[in-house]
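Here the structure is a predicted model, which is why all the values come from computation and not from measurement. A, B, ... follow the sequence lines: proteins, then strands. Residue 1 opens every chain.
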Protein chains: 2
Amino acid sequence: MVSNRGRRPRQIDVAKAANVSTAIVSAVISSTSTGTIRVSEETRRRVLKAAEDLGYVPNVAARSLAGGRSHLIGAFTYQQHFPRESRDFYFEFLLGIEEAAEDAGYNLLLFTGTRDDSGNRTVYRNGSNMLQLADGSIMVGGQVDPKELARLHAERYPFVMVGRRDSIPDGVSWVAADYRSGTAEVVRKLAELGHRRIAFVQGALTHETVDDRRAGFAEVGTELGWPDTSLPVLTYDTAGGADANRPRTLLSLARRRKVTALVFESNYLADQVRTAAASAGVDVPGQLSVVALGDWSERNPGQQVAPGLAELTSPSRQIGREAVAMLIRLLGSQTTRTEHVMMPCTITTGSTIAPPPSS
Amino acid sequence: MVSNRGRRPRQIDVAKAANVSTAIVSAVISSTSTGTIRVSEETRRRVLKAAEDLGYVPNVAARSLAGGRSHLIGAFTYQQHFPRESRDFYFEFLLGIEEAAEDAGYNLLLFTGTRDDSGNRTVYRNGSNMLQLADGSIMVGGQVDPKELARLHAERYPFVMVGRRDSIPDGVSWVAADYRSGTAEVVRKLAELGHRRIAFVQGALTHETVDDRRAGFAEVGTELGWPDTSLPVLTYDTAGGADANRPRTLLSLARRRKVTALVFESNYLADQVRTAAASAGVDVPGQLSVVALGDWSERNPGQQVAPGLAELTSPSRQIGREAVAMLIRLLGSQTTRTEHVMMPCTITTGSTIAPPPSS
DNA sequence: CTGAAAGCGCTTACAG
DNA sequence: CTGAAAGCGCTTACAG
């Protein structure tokens, strides 16, 4: 490496040139607002001049060693690759993080170099917490290592989780999409259009955000005083993978149950059912309204968003932004604190929602 | 801030626990290949165990202060915002940089926090070279501050320029798109299809990459022994902005000059001319072939790529990747060195190229 | 193969 | 308002 060590002017050189102590140089250069040190305007100018003349440039590593802060925000993911394609669900989170870091004047450290010898992501490489390079970090993505998160938290390393909120240890801060309210909003909207039988379609494998959506779904029933039969929950077997018959089964089930609107946890399945309806002669949305609630777990990698499909969309960019704001709050706080924020989802109406058939 | 200072175990604690010196701990933990220090397998295990038990985590700032390396690659841009939208010309460069950093096991520091009080990007904030947080950096984008670059280079800070190669000081390393060869390839292709009069269309404002393209254009004439009249260069006034008449002027000029193929520096203008041709009853590509050479400077922000337009495409992603590889070479080199690499462009044939009219 | 110690370049109490 | 000095937590010659 081309090393300039020893040739580059240091603080002490500037101090000598300006005929002051290094403390003064430090105070002038870093212009610490915390500093109780006040420097006369004349001295200040002299120091600045000397620094300029010598081409002095503070060493950031030394500064952060002595000062205890790097002024860096980190972004980490357990995903195999950093989200880089716009079709990657986590991509938008990262964009929001970048934007907010930029707005806040922070540099952003992407922990791209955090794979162990087996190619798996880990925070602790050779037992060393790589994240501490940054003052705090945002953890992005659907995969997590709960043990690592717990250890991080125990170490009191400041971080905010984004992209999921289940399977993460207590005390960990997060920002998440409010699927509950969003789903309730969707159902309310359908009810307003005149629907009186709306089914919630979920996979066999449940997780927290599915529970949230179902809660939002049920909530509207209570709100409107509907009987349980008006809001049936249909569960299909996820284990079988992409079962070609699944969409048809669901369609006939819907007809039998006299359901006029289908609310799908999975965008993928919603899209499939819409397609199947077309070939089965069922008019969407004339006879059947279809809404997707934003779960992409069944999506094939590279699959594009289904155009025209009514859907609940995660406010991923805003979540990313909020996570950075939250992290900065955590960093500024004297006490250890935990924050949880739910951000409202967006409803894209699309062309698959309409009033129920008048019959 | 939640500070763990003083509570977190340090190297010395591990050393005491393992009954060795800190030098040994350092050697074991950092597993420096350079290290002439050899540690017995048993000692090694003891140290690792102690580190594990204590939850020891090396401090990176200290490490890079003492060792002189941070093992971080930086990315900087003079653009107002970091490229984040796929329609941003510089976005792909950044993706390539991220990919390559990930592959090389480096963390990537995005210098998002580098705007001064007026909102302008600077490398030197309060006289301090922010980039030195990273061992070396990639500079991305179309804007540059030549003075800062010169200063950086004088300081012997290792960096590689990407996205442009003119207006940058001597001795600075860069990776750029090879528009010369690409343009030659385009013209050769047109000649093979039977074209014998091909015009190069350029703006009044010239810069290095336009010169490159024109050189590639002229090169083929020499190669094939064509007279100068076969390869005219048409210059239009850029000063007038988006002049609505420009496309028509060019079309009639082309007809008068008996030109059967138009090669445009500017993608924007190429697209406009194609559209104008349609409404003027000129068949593209039946009567006139149109090719764009990848200059986007006239593009409106947010404008999408013109679909179907034959064009030369900058290998931006590969350039980003190569820049990282180059930087890593520079970092590993004992001597100060400069490297320049031109990466081949891609030709997208599209639907605007055909043999000339048979008449 | 191992240990004691200097030094990396700052910041920040602590005295004056 | 200013100075001398300790200390941040490592790495790396240099001795043993």
Examine [N]: is either OP1 or OP2 under 4.0 Å from a nitrogen or oxygen in the side chain of [X]? Give yes or no.
X     : N      : value
A:R63 : C:dT11 : yes
B:T43 : C:dT2  : yes
A:S26 : C:dT11 : yes

Expressed in angstrom and rounded to an integer, what is the separation of [X] atom [atom1] from [N] atom [atom2]?
X     : N      : atom1 : atom2 : result
B:D13 : D:dG9  : CG    : C1'   : 11 Å
B:E41 : C:dC1  : CD    : P     : 11 Å
A:H71 : C:dT11 : NE2   : P     : 14 Å
A:N59 : C:dC8  : CG    : P     : 11 Å
B:I12 : C:dG3  : CD1   : P     : 11 Å
B:I24 : C:dA5  : CD1   : C1'   : 15 Å
A:N19 : D:dC1  : CG    : C1'   : 15 Å
B:Q11 : D:dC8  : CD    : P     : 13 Å

(message) Assess whether a salt bridge exists between B:E52 and B:R45, defined as any Lys/Arg side-chain N lying under 4.0 Å from an Asp/Glu carboxylate O.
(response)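 Answer for the salt bridge query: no.
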Check whether [X] reaches the backbone of [Y] with its side chain - one donor and one acceptor, N or O, closer than 3.5 Å.
X      : Y      : value
A:Q11  : A:P58  : no
B:R317 : B:E92  : no
B:H153 : B:G171 : yes
A:N107 : A:L72  : no

(request) Please determine, for the side chain of A:A23, which listed nucleotide (C:dT12, C:dC8, C:dC10) has the closest atom? (result)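 It is C:dT12.
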(message) Under 4.0 Å, counting only non-hydrogen atoms across every strand here, what does A:S64 touch: a base, just sugar-phosphate, or nothing?
(response) nothing
(request) With DNA chain C as reference, determine whether A:V25 or B:L65 sits nearer its 5' end, using the nearest nucleotide of each. (result)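 Closer to the 5' end of DNA chain C: B:L65.
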(request) Toss me the dot-bracket line for DNA chain D: Watson-Crick and G-U wobble, both under 3.5 Å, 5' to 3', using | for pairs to another strand and [ ] for crossers. (result) |||.||||||||.|||
(message) Any donor-acceptor pair under 3.5 Å linking the side-chain atoms of A:R121 with those of A:T77?
(response)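 Not at all, the side chains of A:T77 and A:R121 share no donor-acceptor pair under 3.5 Å.
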(request) Report yes or no: do A:T122 and A:E148 form a side-chain donor-acceptor pair below 3.5 Å? (result) yes
